[in-house]
Amino acid sequence: MEKILFYCFAAILLFAATMVITVRNPVRAALFLVLAFFTSAAIWLMLEAEFLAITLVLVYVGAVLVLFLFVVMMLDIDTSILKEGFTRYLPLGLLVATLIVLELVAVLGAANFGLEQVPMPEAAEGSNTKVLGRLLYTVYVYPFEIASVILTAAIVAAITLTLRPSKRKTQDPAKQVLVRSTDRLRLVKMASEKPKDGRPRQ
Amino acid sequence: MLDMVTQHLLPNIGKILLIVALLMLAVAYLTLAERKVIGYIQMRIGPNRVGPRGLFQPIADGLKLLMKEVIVPTRSNLYLFVLAPVLAIGPALAAWAVMPFDASLVLADINAGLLYVLAITSMSVYGIVIAGWASNSRYAFLGAMRSAAQVVSYEIAMGFALVGVLIAAGSLNLSDIVLAQQGSILHWYWLPLLPLLVVYFVAGVAETNRAPFDMAEGESEIVAGFHVEYSGMAFALFFLAEYADMILLSMLAATLFMGGWLSPFEGIPLLESLFAWVPGLVWVLLKTSLFLFVFLWIRATFPRYRYDQIMRLGWKIFIPVALVWIIIIAIMQVFDIGPWFTEVVEVIHP
């Protein structure tokens, strides 16, 4: 039963991943990427890694891809220009792709990990959030903290690169809140004017 | 195989159908309640023609929407145009799987219940974004863009508010969170986590695109925003999703901050025994109704926000407030400040 489910999800995942790179419309490609992430989350759930699976959906599907979609929808990408020169670069591209695949197989091949020697790790008993949190903050606390510092530095760098003092006229809410009615409106007291003989003045 | 079908599959499908049917009924009558409540707030009577005191109004509305023609705009993206309402209603229903209605009345009592709800509700934005894009209309597209930016911003504040709850309760399981609040009405998390409750609820109003945060619709600015091209049942599905999300958020607020199915008279000598016969389901529904009423009250009271004010509120006020309160909660938890955090914190040895 579990095997059937795994092959179903794996087939959907492969199909979605292929569609991401072949479909012409960039918005549809982004939506197929959503499907791919969702299916990989389902496969992780089957491995009883519920924390990782749900976090994948929460972070990638719920936030990153929404922003991705946001940008892709705003751009009007003409795919015909992107496809130009496809055949001209095909031989070179194929050569590079074959090289990368060979290198990856050499480095990441099943033999290098010694899958036969190490038994399959048991899924955590009970809550795997707790187990993961405990490991992250004790055994792996330095790598974890260093990774977060690097990410923070990246965020600060990205903001400083894009944030320029704007020349546009913008609203400053702090100043808006401080405005009192006397700053905008002046009430002038003046004596009512009434002509002496009771007729309106010419 | 057959054994599994009869033992697990069929009862669970029955439960799912029961929850969905009751939820749809609740959604239908929430629309009536909304019109009545806002009516009385504005010194009107509200709908009172269909059935006694207008009680059959939602059924008449539903029938009307069912019989209307579904119009697909030319040059729209047909598949995505049809898929969008489905993607809107799907997450709104799926999130109900982990909601505890009573001590043992829950469809799926999973460990990471709170995370699951957060992940599933974060997907509801796709319905709106895709609807806006697939309609091939400028107004709809503007609504979708506004909604995407707004929902992603407020999700962060909401996530932080929920982190506070999870630090206080020490669990992601919704039933365990309710049990951690046992004691009396003062033990519920609304008191120690009051700023987080406010952040959570207002962020919830923004997440469901309800007034005064309904920038995605904004009738006075962009006609009706993302669903301007939808009609008939496709249009109704967006509304079903919005109201189901409202009920979900209210029930989640009741569960996380108001003690879920626990009786409010717990710990009070005479009243506790007097109200002991009331089932927990009644209490949780009453608390949910309280939050739902606040939803309607807010809509009837406040004018729509300006877009930059929404972003300012989310990023510059709610996120800092939630972060500071998380630190305070963590300190209270570590130093056992009572009456809420008196249980011994597990000391971790590497």
Side-chain angles (χ1 to χ4, degrees), chain A residues 1 4 23 25-28 30-32 34-35 37-38 41 45 48-74 76 123-141 170-174 176-177, chain B residues 1 4 77 79-80 83-84 87 91 94 98 110-126 128-130 132-134 141-142 144-153 155-156 158-159 162 166 170-173 176 207 306 308-309 311-313 316-317 346 348-350:
Chain A
M1 186 67 188
I4 300 171
V23 83
N25 189 327
V27 173
R28 285 193 183 185
L31 289 175
F32 273 113
V34 172
L35 181 61
F37 275 127
F38 206 76
L45 258 189
E48 294 181 33
E50 83 257 3
F51 180 78
L52 287 179
I54 296 176
T55 314
L56 183 73
V57 173
L58 181 62
V59 175
Y60 280 90
V61 178
V64 174
L65 276 167
V66 175
L67 295 177
F68 214 76
L69 214 55
F70 189 89
V71 176
V72 168
M73 280 180 177
M74 300 255 251
D76 195 15
E125 280 294 312
S127 166
N128 87 35
T129 316
K130 236 174 214 166
V131 178
L132 205 64
R134 199 163 289 174
L135 271 180
L136 271 184
Y137 283 98
T138 52
V139 182
Y140 298 108
V141 67
T170 49
Q171 287 147 329
D172 184 355
Q176 286 182 322
V177 170
Chain B
M1 191 75 183
M4 210 183 92
N77 201 318
Y79 292 114
L80 293 182
L83 192 67
L87 282 179
V98 294
I110 64 172
N111 274 325
L114 190 57
L115 260 183
Y116 170 83
V117 172
L118 202 60
I120 293 292
T121 49
S122 77
M123 290 191 43
S124 57
V125 66
Y126 279 101
I128 293 173
V129 172
I130 292 173
W133 187 78
F141 187 63
L142 278 174
M145 293 287 102
R146 284 178 171 197
S147 177
Q150 177 187 329
V151 168
V152 169
S153 309
E155 215 153 73
I156 302 169
M158 191 184 231
L162 297 185
L166 122 81
S171 172
L172 278 169
N173 182 303
D176 287 350
E207 286 254 305
R306 208 173 63 203
D308 64 311
Q309 289 174 331
M311 285 300 166
R312 193 178 111 84
L313 183 71
K316 294 191 176 173
I317 298 175
E346 237 179 305
I348 299 154
H349 297 289

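Naming convention: chains lettered A, B, ... in sequence-line order (proteins, then strands); numbering from 1 in each chain.
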Per-residue contact mode, I54(A) against chain B (heavy atom under 4.5 angstrom):
both
Using non-hydrogen atoms and a 4.5 Å limit, figure out which bit of V34(A) sits close to chain B: side chain, backbone, both or neither.
side chain
Side chain, backbone, both or neither: which part of L135(A) has a heavy atom under 4.5 Å from chain B?
neither
Which heavy-atom pair separates L56(A) from A41(A) by the least distance, and what is that distance?
CD2-N, 3.7 Å
Contacting region of V129(B) [heavy-atom separation from chain A under 4.5 Å]:
both
Is there a side-chain contact between I130(B) and V27(A) in this structure, where contact means two heavy atoms from C-beta onward sitting under 4.5 Å apart?
no
Given heavy-atom pairs under 4.5 angstrom as the criterion, report whether the side chain, backbone, both or neither of I120(B) touches chain A.
neither
Search all heavy atoms of Y79(B) against all heavy atoms of R28(A) and return the closest pair with its distance.
CD1-NH2, 4.0 Å
Which atom pair, heavy atoms only, marks the closest approach of G132(B) to A144(B)?
CA-CB, 3.7 Å
Contacting region of F38(A) [heavy-atom separation from chain B under 4.5 Å]
side chain
Return the option, out of V141(A), L31(A), L65(A), T55(A), with the maximum number of heavy-atom pairs under 4.5 Å with chain B.
L31(A)
Residue part contacting chain A, namely of D308(B), when any heavy atom lies under 4.5 Å:
side chain
Testing the basics here: between E50(A) and A112(B), what is the closest heavy-atom pair and its distance to 0.1 Å?
CG-CB, 4.0 Å
Minimum heavy-atom separation for S153(B) and A149(B), please, with both atom names.
OG-O, 2.7 Å
